[in-house]
Amino acid sequence: MRVYDSIESIEQVKRVEIILYSASKREVVKRDFKRIEKSLEILKKAGKDAKGKLYLTFDGYNNDVREIYMIPEIRTFVKTIWEKYKYIFYFLTVFDNNRSIIFACINEFKAFQDINTKKIKLHILHNDDIKTETMIAMRDFGKSINDVEGIQAILSTFI
């Protein structure tokens, strides 16, 4: 499996199984969206070839004990990206629960930690407006690339 940390072309998207995209802490804090928007535009052009290939992470938070959906500046960064690319979930992978974790960044949530295993159970409290807007944007994007069935399958994984 090839893993890339940047998205340069549609041909690259077609060749890889997963694209590990890491937004830097500087980008998050400064609200610098240039690099991620460029990447999302390439994924958009790649259409079906980009389905489920994006693994979105955040660099510079390794020493933070909180999960990414608990960090306010990451939540703001993700929400801003979602405002422009509400169909981003088409591109996000299910690997390591990435799609649901990013969805938690734009919603409220409850998190429960098992004292013995330290594992966190995430319960997303769906905001009806966010849910509806995401579903509509996903449906419209699916129609534009002729993948309505794929969209329905994706929506069932996190909404």
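FYI, the numbering just counts along the sequence from 1. What's counted below: heavy atoms across the whole structure, side chains too, no hydrogens, waters or symmetry copies.
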Any link between Val16 and Leu54 through a network of hydrophobic side chains (Ile, Leu, Val, Met, Phe, Trp, Tyr) touching at under 4.5 Å?
yes
Is the count of non-hydrogen atoms from other residues, nucleotides or ligands lying under 6.0 Å from Glu108 atom CD greater than 12?
no
For Lys48, does the NZ atom have more than 12 heavy-atom neighbours from other residues, nucleotides or ligands under 6.0 Å away?
yes
Strictly by modelled atom types, are Thr157 and Arg99 linked by a side-chain donor-acceptor pair under 3.5 Å?
yes
Val148 and Ile136: same hydrophobic cluster, using ILVMFWY side-chain contacts below 4.5 Å?
no
Checking side-chain polar atoms at under 3.5 Å, does Gln12 have a donor or acceptor matched by the opposite partner on Ser9?
no
Can you name the closest pair of heavy atoms from Cys105 and Ile74 and give their distance?
SG-CG2, 4.3 Å
Exercise: identify the closest heavy-atom pair between Arg66 and Pro72
NH1-CD, 3.6 Å
Expected output: side-chain Tyr21 to main-chain Ile7 donor-acceptor under 3.5 Å:
no
Look only at the side chain of Ser144 and the backbone of Phe141, and say whether a donor-acceptor pair between them is shorter than 3.5 Å.
yes
Go through Asp64 and Met70 one step at a time and tell me if the side-chain contact (heavy atoms from CB on, under 4.5 Å) criterion holds.
CA-CA 10 Å; Asp64 196 315; Met70 297 175 175; over 6 Å; no
Tightest non-hydrogen contact, residues Tyr69 and Ala104, listed as CB-CB, 3.8 Å
Would you mind reporting whether Ile71 and Phe58 have side-chain heavy atoms less than 4.5 Å apart?
no
Contacts of Asp96 meeting side chain to side chain donor-acceptor pair (under 3.5 Å) (sequence neighbours excluded), chain-then-number -> Tyr55
Which donor-acceptor pairs under 3.5 Å do the side chains of residues 121-132 make with protein atoms, sequence neighbours left out?
{"residue": "His126", "atom": "NE2", "partner": "Phe158", "partner atom": "O", "Å": "3.4"}
{"residue": "Asn127", "atom": "OD1", "partner": "Asp129", "partner atom": "N", "Å": "2.8"}
{"residue": "Asn127", "atom": "OD1", "partner": "Ile130", "partner atom": "N", "Å": "3.0"}
{"residue": "Thr132", "atom": "OG1", "partner": "Asp128", "partner atom": "O", "Å": "2.8"}

For Ala23 and Val28, which heavy atoms make the closest approach, and how far apart are they?
CB-CG2, 4.4 Å
Donor-acceptor contacts, no H, no angles, side chain residues 81-89, under 3.5 Å, sequence neighbours left out:
{"residue": "Trp82", "atom": "NE1", "partner": "Thr134", "partner atom": "OG1", "Å": "2.9"}
{"residue": "Tyr85", "atom": "OH", "partner": "Glu41", "partner atom": "OE2", "Å": "2.7"}
{"residue": "Lys86", "atom": "NZ", "partner": "Glu133", "partner atom": "OE1", "Å": "2.5"}

Checking the side chain of Asn107 only, and the main-chain atoms of Phe109 only, is there a donor and an acceptor separated by less than 3.5 Å?
no
Would you say Ile68 and Val94 are hydrophobically clustered, going by side-chain heavy atoms of ILVMFWY under 4.5 Å?
no
Compare all side-chain heavy atoms of Glu8 with those of Lys38 and state whether any distance is below 4.5 angstrom.
yes
Glu17 and Lys53 have their tightest heavy-atom pair at O-CG, 3.5 Å
